[in-house]
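Shown next, in C-alpha cells, is the structure this report addresses.
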Amino acid sequence: GKKTRVLALLKELFGPGAEKIKQDRRVFKTPTNRTVEITTLSSNYHIELNPNDAGSADTFVVQEVIKEIAQFSPLHVNAAMQNQNKDESNSKPAEKK
C-alpha cells in the first residue's frame, strides 16, 4: 500500500538508515492547557504520526511537529539526490560516436 511505497522510496533515497525506526511517546500541551500524548515512529530521515491519536488537537500536534523539524538542520535530501543522480549517470550506456 501507500506506506510500503513511501518506505521503499525512503530506503532508495537514504539507504538502510531509513529502515532503523524507533518508537517514541510524545507529549504536547495545547494552548488550552490540555495534555495530548501520541506515538510516533521515526528514523533519521522521516517521522510518522497518526493525527487521529490527538483527537481534536490534531492540527495543533501536526503544527508542533513541523515546527520542531524545521528547527533542526535540513535533512540530507540534497546529498541523497546527488548520489541518485550519480548512480543514474553511471548506469547510462555510453554514447556512440
[atom1]-[atom2] distance between [X] and [Y], expressed to the nearest 0.5 angstrom:
{"X": "Tyr45", "Y": "Lys11", "atom1": "OH", "atom2": "NZ", "answer": "13.5 Å"}
{"X": "Leu41", "Y": "Ile21", "atom1": "CG", "atom2": "CD1", "answer": "6.5 Å"}
{"X": "Lys22", "Y": "Ile47", "atom1": "NZ", "atom2": "CD1", "answer": "9.0 Å"}

Next on the checklist: Name the residue from Ile66, Val61, Thr59 that meets the side chain to side chain contact (heavy atoms under 4.5 Å, CB included) definition with Gln63.
Outcome noted: Thr59
Heavy-atom side-chain proximity of [X] to [Y] below 4.5 angstrom:
{"X": "Val36", "Y": "Asp58", "answer": "no"}
{"X": "Asn50", "Y": "Ile38", "answer": "no"}
{"X": "Glu19", "Y": "Leu7", "answer": "no"}

Checklist entry - Does Arg26 offer a backbone N or O that forms a donor-acceptor pair with the side chain of Asp24 under 3.5 Å? => result no
Next on the checklist: Using 30° and 60° as the class boundaries, would you call the ring planes of Phe28 and Phe60 parallel, tilted or perpendicular?
Outcome noted: perpendicular
Checklist entry - Heavy-atom count around Arg25 CZ within 6.0 Å, excluding the residue itself: above 12? => result yes
Next on the checklist: Looking at every non-hydrogen atom in both residues, tell me the closest pair between Ser43 and Gly17 and how far apart they are.
Outcome noted: CB-O, 3.9 Å
Checklist entry - Looking only at heavy atoms, what is the nearest atom pair of Arg34 and Ala54, with distance? => result NH2-O, 3.5 Å
